[in-house]
Amino acid sequence: MSRYFLTTPIFYVNDAPHIGHAYTVLNGDAVTRWHRLLGEDVFYLTGTDEHGLKVQRAAEANGLSPLEQADGTSQRFREAWAELGVANDEFIRTTESRHHRSVQTLMQRAYDNGYIYSAVYDGWYSVSDEAYVSEEDVTTEDIESGRVERMTEENYFFKLSEFEEPLLKWFEANPQNITPEGYRNEALGIIRGGLRDISITRTSIDWGIPVPWAEGHVFYVWYDALTNYATAAGYGNDDERFAQWWPSVRHLLGKDIIRFHCVYWPAMLLAAGVEDLPHYHVHGWLLVGGEKMSKSAFNQISPSDLINDFGVDGFRYSLLRDTPFGPDSEVSHEALQHRYNTDLANNFGNLLQRSSTLVHSKCEGIGPAPDPDHPLADIAAEVYADAAAAWDRFQPSVALEATWRLIRDTNEYLQATEPWKMDPGPLVNTVLGNALEALRIVCVLASPAIPSSCEAAWTRLGLDGSPLDQRLPEAAVWGQYPGGLPVAQGDPLFPRLKG
RNA sequence: GGCGGCGUAGCUCAGUCGGUAAGAGCGCUCGACUCAUAAUCGAGAGGUCGCCAGUUCGAGUCUGGCCGCCGCUACCA
């Protein structure tokens, strides 16, 4: 069975969950749900990054231990994703013992393979950033304000510089390794620009994973964090599991962390003797008024605020539909609401509503069977093909746009046939059967984005089971609504929003 | 400075290998309909595809230059 292992970045517990995080996680959730429909063996991973100085400091400020601090924030992320209906298979924490073993194993192998060496760093250090600062980047103000300090410490360095060639070879051999393609070029640019060895340990803090070969050193958070993906696949703990899952790994990430994920991380894997390198799907940022979201007031709106306004699926759909995957996307409350009203309330919800009402007035509430050879069958086939291609290319907005064509065409079909003017009988039965069949297919195809609404609609159509349990491509084939099922009338699935 | 991305209808965006008369949704105008959440359907207006030059029988689509916006350049998705 084909496997689909998708990861989100793990979120630093220094920060509360915000819409930017939700954006990443929802894209991954929708795409992995699609792959589940295809019957693939899916592993969707998210989690939290919990080591490092910032956590240690936050803990001190709150009078907690670092782990207690991490526990609290990690739990908030876990709850936020549950609230959004995210179906991740695992939630990893870098403070877990399995992760410690994994990091130590990976690094020890790189060390044993000769890719890690000791050197003394003597220079400026930014305590708040936990980072070394090069001489040319330090201003006198930095020094006077104490933002940077002079530091001499023994350090272990990773020989990143030795991986320029291997990485370039890998890029050349795998033209699809990063999508969209523009970001692949960025990663290539970083490599071609020359790679310098990087410091991967710290002695100045102790809230981290100990370096196995050097007392008093811990791994710097990035190299600890990246390894979470391998840990979750079983690295250092369950070799058989790792061998099964790792070859199919795909990382979902924002464009700001390309350097670490697409350059440093594959080099580390190679250094440790792991030959299978990941695929990547890189997205841009959400912008508000042209500015990166995290800098704006919109950032103060939490995902749960938007759930209150739009409902879980309303938020999921509007965000996914309105943000092409890859480039930066402008978002606003107005735009999300507009999308909700037009696509969910006016089109999908209203189609379900008018169809079920007509089934009650013309067919005594029993949904009739569709015409197996109706022209809508061709539309459904086209829509499926386009949606499948888009999901496969990691483009939820395009997939949803394609799916909604079936809804539009069905509304158009009702308008053209005017079943409300017909007398009960075979003719009106066929028309409404066709509408119900289109809705059945939409329920399956839209379920990656709006799972619970599709389940609700599915039930109203009188169907058993759940759209989430259907198998594609079979379930998208026209003509499977059986007829003879009781169709339920109910309140609008997506109440139109005003204001 | 170096590297990279973007610039297509009022808005948000599609446009794979260069090729039938530039697309979609929304918005707008007019009309139709009334089963439905004042929802739906049809018609229409609206673009010198940032600018200039080049390659080509032919460029939004390739090349060079310019303008504008943005990002990365050691840790905010």
Side-chain angles (χ1 to χ4, degrees), chain A residues 8-12 14-15 17-28 49 52 54 126 129-134 137 180 182-183 185-190 192-193 196 198-199 220-223 225-226 252-260 264 282-287 290-295 299 321-324 326-332 335 338-339 341-347 349-362 389 393 395 397-398 401-402 404-405 408 410-416 418-422 432 435 491-498:
Chain A
T8 73
I10 50 174
F11 307 108
Y12 201 54
N14 195 37
D15 200 3
H18 64 244
I19 297 167
H21 299 126
Y23 176 56
T24 306
V25 172
L26 286 179
N27 270 286
D49 179 12
K54 286 179 187 173
S126 163
D129 291 341
E130 240 174 291
Y132 297 107
V133 185
S134 67
D137 289 337
Y183 293 120
N185 294 332
E186 269 195 51
L188 266 169
I190 291 172
R192 290 185 177 134
R196 282 187 295 174
I198 46 180
S199 157
Y220 175 49
V221 288
W222 255 108
Y223 312 104
L226 287 165
L252 171 58
L253 61 142
K255 65 180 185 178
D256 51 328
I257 50 179
I258 286 175
R259 170 182 295 273
F260 301 98
Y264 295 3
V282 181
H283 64 73
W285 291 325
L286 300 182
L287 304 178
E291 263 201 287
K292 190 179 172 187
M293 200 213 67
S294 60
K295 292 175 185 164
N299 194 30
R321 175 63 185 84
D322 258 359
T323 54
D328 294 350
S329 311
E330 194 67 38
V331 290
S332 68
H338 190 72
R339 182 59 73 184
N341 277 338
T342 54
D343 286 12
L344 294 180
N346 298 353
N347 284 311
N350 186 49
L351 176 61
L352 176 65
Q353 201 72 2
R354 67 195 304 207
S355 302
S356 54
T357 299
L358 286 165
V359 167
H360 277 262
S361 63
K362 302 292 180 183
R393 283 176 296 151
Q395 300 194 310
S397 69
V398 179
E401 182 184 27
W404 253 248
R405 280 211 304 276
R408 281 205 191 83
T410 305
N411 268 322
E412 184 184 328
Y413 168 65
L414 288 181
Q415 206 64 32
E418 301 185 310
W420 49 89
K421 288 184 177 172
M422 297 175 176
L432 295 178
D491 292 334
L493 208 52
F494 304 101
R496 196 178 157 80
L497 300 172
K498 302 198 167 93

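- In this structure, B:G47 forms no base pair with any nucleotide, since neither Watson-Crick nor G-U wobble geometry is met with both distances under 3.5 Å.
- If you check every strand for non-hydrogen atoms under 4.0 Å, A:Leu358 touches a base.
- In this structure, A:Trp222 contributes its side chain and A:Phe260 its backbone to no donor-acceptor pair below 3.5 Å.
- Rounded to whole Å, atom P of B:U40 lies 10 Å from atom CD of A:Gln415.
- Between the C1' atoms of B:A22 and B:C13, the separation comes to 15 Å (whole Å).
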Pairs under 3.5 angstrom, nitrogen or oxygen only, protein versus nucleotides 42-46 of chain B, please.
residue	atom	partner	partner atom	Å
B:G42	OP1	A:Glu412	OE1	3.4

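- Between the A:His360 side chain and the A:Thr357 main chain, no donor and acceptor come within less than 3.5 Å of each other.
- One interatomic measurement links the two molecules: CD1 of A:Ile10 to P of B:C76, which rounds to 13 Å at whole-angstrom precision.
- A gap of 46 Å separates the P atoms of B:U37 and B:A21, to the nearest Å.
- For the C1' atoms, the distance linking B:A24 with B:G54 amounts to 33 Å, nearest Å.
- With rounding to the nearest 0.5 Å, the separation of CG in A:Asn27 from OG1 in A:Thr8 is 11.5 Å.
- Residue A:Ile258 holds its CD1 atom at 11.0 Å from CG of A:Leu188, rounded to the nearest 0.5 Å.
- Of the possible donor and acceptor atoms, one in the side chain of A:Lys362 sits under 3.5 Å from a partner among the backbone N and O of A:Met422.
- The separation between A:Leu352 atom CG and B:A39 atom C1' is 13 Å, rounded to whole Å.
- Closest-nucleotide positions on RNA chain B for A:Pro327 and A:Gly349 were compared, and the one nearer the 5' end corresponds to A:Pro327.
- Rounded to a whole angstrom, the distance from the C1' atom of B:C11 to that of B:U56 is 36 Å.
- If you check every strand for non-hydrogen atoms under 4.0 Å, A:Phe494 touches a base.
- Candidate nucleotides B:C41, B:C13, B:U37 were compared by shortest atom distance to the side chain of A:Asn411, and B:C41 ranks first.
- Rounded to an integer number of Å, the gap from CG of A:Asn341 to C1' of B:U40 is 15 Å.
- Sequence order on RNA chain B of the closest nucleotides to A:Glu418 and A:Gln395 puts A:Gln395 first from the 5' end.
- Atom NZ of A:Lys362 is separated from atom C1' of B:A36 by 14 Å (rounded to the nearest Å).
- When the C1' atom is compared between B:G7 and B:G19, the two are found 25 Å apart, to the nearest whole Å.
- Figure legend. B:G10 is base-paired to B:C26; pairs are counted as Watson-Crick or G-U wobble with both atom distances under 3.5 Å.
- In this entry B:U16 has no Watson-Crick or G-U wobble partner, no candidate having both defining distances under 3.5 Å.
- Of the C1' atoms belonging to B:A9 and B:G2, the separation is 37 Å, rounded to the nearest Å.
- The aromatic rings of A:His283 and A:Tyr23 stand perpendicular to each other, their planes meeting at an angle above 60°, with 30° marking the opposite boundary.
- Which of B:A77, B:U37, B:A74 sits closest to the side chain of A:Arg496 comes down to B:U37.
- Rounded to whole Å, the separation between the C1' atoms of B:C67 and B:C51 comes to 7 Å.
- Without hydrogens or angle criteria, A:Asp328 side chain to A:Trp285 main chain gives a donor-acceptor distance under 3.5 Å.
- In this structure, B:A21 makes no Watson-Crick or G-U wobble pair, since no nucleotide meets both defining distances under 3.5 angstrom.
- If you check B:C76 for Watson-Crick or wobble pairing at under 3.5 angstrom, you find it has no partner at all.
- Note: CG (A:Leu493) to P (B:A36) measures 17 Å, nearest angstrom.
- Side-chain atoms of A:Tyr183 come within 3.5 Å of backbone N or O of A:Gly326 as a donor-acceptor pair.
- Closest contact between the side chain of A:His18 and the listed nucleotides B:C13, B:G5, B:C76 involves B:C76.
- Side-chain to base pairing of A:Asn350 with B:A36: one donor and one acceptor N or O lie within less than 3.5 Å of each other.
- Among the protein residues, A:Arg405 comes within range of no part of the nucleic acid, since none of its heavy atoms lies under 4.0 Å from any strand.
- Nearest heavy-atom pair, A:Ala435 versus A:Ser355, reported as atom, atom and distance to 0.1 Å: CB-OG, 3.9 Å.
- A 3.5 Å limit on both hydrogen-bonding distances identifies B:C62 as the Watson-Crick or G-U partner of B:G54.
- Within the shown strands, B:G5 is the pairing partner of B:C69 under the Watson-Crick or G-U definition, both distances less than 3.5 Å.
- Rounded to whole Å, the distance from NZ on A:Lys498 to C1' on B:A38 is 9 Å.
- The residue A:Pro419 sits apart from the nucleic acid: no heavy atom pair falls under 4.0 Å.
- Here the P atom of nucleotide B:G4 and the CD atom of A:Glu186 are 9 Å apart, to the nearest Å.
- For the OP1/OP2 pair of B:C3 and a distance below 4.0 Å, the side-chain nitrogens and oxygens of A:Arg192 include no atom meeting the criterion.
- Closest to the side chain of A:Arg354, out of B:A36, B:A77, B:C70, is B:A36.
- Within the 4.0 Å cut-off from OP1 or OP2 of B:C33, not a single side-chain nitrogen or oxygen of A:Lys421 is found.
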Nucleotide N/O to protein N/O under 3.5 Å, stretch nucleotides 25-31 of chain B:
residue	atom	partner	partner atom	Å
B:C26	O3'	A:His338	NE2	3.3
B:C26	O2'	A:His338	NE2	2.2

- Task: Evaluate the criterion side-chain contact (heavy atoms from CB on, under 4.5 Å) for residue pair A:His338 and A:Asp322; output intermediate values, then yes/no.
- Result: CA-CA 10 Å; A:His338 190 72; A:Asp322 258 359; over 6 Å; no
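- Remark: B:A32 base-pairs with B:U40. Criterion, Watson-Crick or G-U wobble with two distances under 3.5 Å.
- Side-chain proximity of A:Thr24 to the nucleotides B:A77, B:C76, B:G4 is greatest for B:A77.
- Side-chain N or O atoms of A:Asn341 include none that pairs as donor or acceptor with a backbone N or O of A:Arg496 at under 3.5 Å.
- Distance CG/A:Leu253 to OG1/A:Thr24: 8.5 Å, rounded to 0.5 Å.
- Annotation: B:A77 and B:A36 have their P atoms spaced 49 Å apart (nearest Å).
- With A:Asp49 contributing its side chain and A:Ile10 its backbone, the two residues share no donor-acceptor pair below 3.5 Å.
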